[in-house]
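The figures here come from the full heavy-atom set of this structure, side chains too, leaving out hydrogens, waters and symmetry mates. Quantities reported herein were computed from a predicted structural model and do not represent experimental measurements.
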Amino acid sequence: VLAQVIRFHPKLPGVWIYAAAWEFDHNLNVAAARALMQSGLRMCPNSEDLWVEYLRMELTYLNKLKARKVALGEDKGTLVRDKKDADEKQWKEENKDLFMSLDDEDKENNDHVSDEESEKKLDLFSEHASGLLKTIYGGAIQALPSSFSLRKQFLEILESIEVADSEELRIEILRDMKRDFSADPEYWDWLARLEMPDASITGEKNEDAMHSRLQKAVQVYEEAIKAVPSATMFKLYINFLLDAIASERGEVEAFSLSDHASSYISDILKIYEKAETTGCLTEELACQCISFYTQLGRLEEAKKVAENLCSGKLSDSVQLWLLRVSVEIRCITKDSLSPSKADALSIFELFRTVLTKMSISEAESLWIMALKFFANQKKSFEKLIELSLKAVAKYGGSENGFSLSSAVVNFILQKDGLKHAREVYKRFLALPHPGLALYKNCIELESNLASLGNEDSLVNTRKLYEAALATYDQDTSLWKDYHSLETKLGTSETAAAIYWRARKSLKDSAVDFTSPDQL
């Protein structure tokens, strides 16, 4: 079956891996497994998984041979690197005086001789493993020279096994990676984080030691932003320090930070400044910077930073203006929920500045924020209505999606009732291009009341339909809704009249109107 699968799907790396694994694990045929892997690499030379699994298979086979020697009493140890054993052996070597008895010098010499013999045997396997890794690594990077993840996987495998010249191999792989990926921010981020091993794995609890490692990582990032000055690189640098702060906060009491964490915060703020001076400050980084200040509770500083950024090259950023306005609102409402007249005026002028320079579609979220903030401030809300009328007159109404005029009408309906809402929507409809979305919103408003028996609303609904169809007479849904209204609330004559008007107006689209009943 596997032979047939390979014949039909030779370009699927997973098929070759599965077949080789079956030969290796179940059929115990290493030669066949090796041949399958090599054939797979010839068919799929660009498969990272195949290269990695081929190396794993060869090293696993070598380790099995080593284990068999150990079982026969001819050797000891394995090729698998045990971090705990290595650390324990290093510690004992450094403190050997504590374990040496006064009359065991001869025994030690004998043990030393036997250890040398065993190490020679182990070297044969570790040298073979080293040769395998070099050969497969060379073929892999030749086939996939631009694969960063492949190099990382090879390095992880190297660090998990005992091979001859492992340090030289590690240095070679790192040197090749720097040569090929020094312009890639992901490489620098990985290289820096390599300096910070997981404490849960290493068992390292010393805070000063961890801080020292972090400083080495910071040095890598500093080199990175000089080599690759980009927004992505600055973002990765900041995220690394944020992770460091999060880990510090997990170890100290709530609402308190260690001295190290405080220094990281200071470093992050300097990095944001450096990103701005180097021209790498994007909208995302700018918003992150302001949000970071607000999270620290430093609202006044956040306010100043937002003001400076909104007056610079990012002045067209809606998200940045949203943050600026929200920070300004938090500043004036932190002591009192209701702002003073002077504060309300300053916020209104801020909204006016941004809403007059951006189109309605761009500033949708800002309009919604302004409507909510000034909902209970009569004079400011009236000014905002006038501002919205000018905006709709300038940019036109929306055919679909967000409709500023509809949003204003709905706010007024909830706040002041139907009468005031009618007055305002009539002002919007008097503009040159009020938009189909406003017509539909007003029709829905009036038709809901008409269905409850309100005659004035029925009259208004018909007027709205007629006004909408004067501009949008090719909109099928508008004709259907109008006909549906007359069917429910009008007479058979009025419904039939709408049907024939629709047939005459739509022409090519008349297929949707086969009969008044189906309409």
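- Applying the side chain to side chain donor-acceptor pair (under 3.5 Å) rule to H433 yields no partners; only residues at least two apart in sequence or on another chain are considered.
- Within the structure, every pair that satisfies the side-chain hydrogen bond (donor to acceptor under 3.5 Å, both in side chains) test and touches residues 269-287, not counting sequence neighbours, is listed here: E222-K274, K235-E284, E283-S317.
- Residues that satisfy the ring pair (Phe, Tyr, Trp, His ring centres under 6.0 Å) test with F351, not counting sequence neighbours, are F374.
- For the side-chain hydrogen bond (donor to acceptor under 3.5 Å, both in side chains) condition, the pairs that include at least one residue of residues 344-360, sequence neighbours left out, are E349-R352, S359-S361, S359-E362.
- Between the N460 side chain and the D456 main chain, a donor and an acceptor come within less than 3.5 Å of each other.
- With sequence neighbours excluded, no residue forms a ring pair (Phe, Tyr, Trp, His ring centres under 6.0 Å) with F411.
- With hydrogens and angles ignored, the 3.5 Å screen pairs a side-chain donor or acceptor of N410 with a backbone N or O of S406.
- Judged by distance alone, the side chain of S291 and the main-chain N or O of Q288 form no donor-acceptor pair under 3.5 Å.
- Side-chain atoms of S380 do not come within 3.5 Å of backbone N or O of Q377 as any donor-acceptor pair.
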| said: Using the rule given for salt bridge (charged side-chain N to carboxylate O under 4.0 Å, His left out), can you reason through K480 versus E486, listing the C-alpha separation, both sets of side-chain angles and the distance that settles it, and then say yes or no? | reply: CA-CA 10 Å; K480 286 186 174 183; E486 292 296 347; over 6 Å; no

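- Remark: the backbone N or O of E162 is not paired with any side-chain donor or acceptor of S166 at under 3.5 angstrom.
- The structure places CG of L281 at 12.5 Å from CD1 of I271, a figure rounded to the nearest 0.5 Å.
- Side-chain rings of F154 and W51 stay apart, their centers remaining 6.0 Å or farther from each other.
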Could you pull out all donor-acceptor pairs under 3.5 Å where a side-chain atom in residues 466-473 meets a protein atom, sequence neighbours excluded?
{"unit_1": "E466", "atom_1": "OE1", "unit_2": "R501", "atom_2": "NH2", "d": "3.0"}
{"unit_1": "E466", "atom_1": "OE2", "unit_2": "Y482", "atom_2": "OH", "d": "2.7"}
{"unit_1": "E466", "atom_1": "OE2", "unit_2": "R501", "atom_2": "NH1", "d": "2.9"}
{"unit_1": "Y472", "atom_1": "OH", "unit_2": "E399", "atom_2": "OE1", "d": "3.1"}
{"unit_1": "Y472", "atom_1": "OH", "unit_2": "E399", "atom_2": "OE2", "d": "3.1"}
{"unit_1": "Y472", "atom_1": "OH", "unit_2": "L436", "atom_2": "N", "d": "3.3"}

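- For residues 442-451, the set of pairs meeting the salt bridge (charged side-chain N to carboxylate O under 4.0 Å, His left out) definition, not counting sequence neighbours, comprises R422-E446.
- Among residues at least two apart or in separate chains, salt bridge (charged side-chain N to carboxylate O under 4.0 Å, His left out) pairs with a member in residues 424-437 are E386-R427.
- Pairs of residues two or more places apart, or lying in two chains, never qualify as salt bridge (charged side-chain N to carboxylate O under 4.0 Å, His left out) while including a residue from residues 366-378.
- At least one donor-acceptor pair closer than 3.5 Å links the side chain of T494 to the backbone N or O of T491.
- Under the 3.5 Å distance criterion, the side-chain polar atoms of Q474 are matched with a main-chain donor or acceptor of S505.
- Taking the centre and axis of the six-membered ring of F348, the NZ or CZ atom of K383 falls inside the cone set by 45° and 6.0 Å.
- No donor-acceptor distance shorter than 3.5 angstrom exists from the side chain of W321 to the backbone of L350, with no hydrogens or angles considered.
- The neighbour count for Q142 CD, taken as heavy atoms of other residues, nucleotides or ligands under 6.0 Å away, does not exceed 12.
- In this structure, F373 has no ring pair (Phe, Tyr, Trp, His ring centres under 6.0 Å) partners at least two apart in sequence or on a different chain.
- In terms of the side chain to side chain donor-acceptor pair (under 3.5 Å) criterion, D49 has no residue partners (sequence neighbours excluded).
- Qualifying ring pair (Phe, Tyr, Trp, His ring centres under 6.0 Å) partners for F240, counting only residues two or more places apart in sequence or in other chains: Y221.
- Atom CD1 of residue I238 and atom CG of residue D267 lie 11.0 Å apart, to the nearest 0.5 angstrom.
- Distance OG/S388 to CG/L404: 5.0 Å, rounded to 0.5 Å.
- At least one donor-acceptor pair under 3.5 Å links the side chain of W188 to the backbone N or O of S182.
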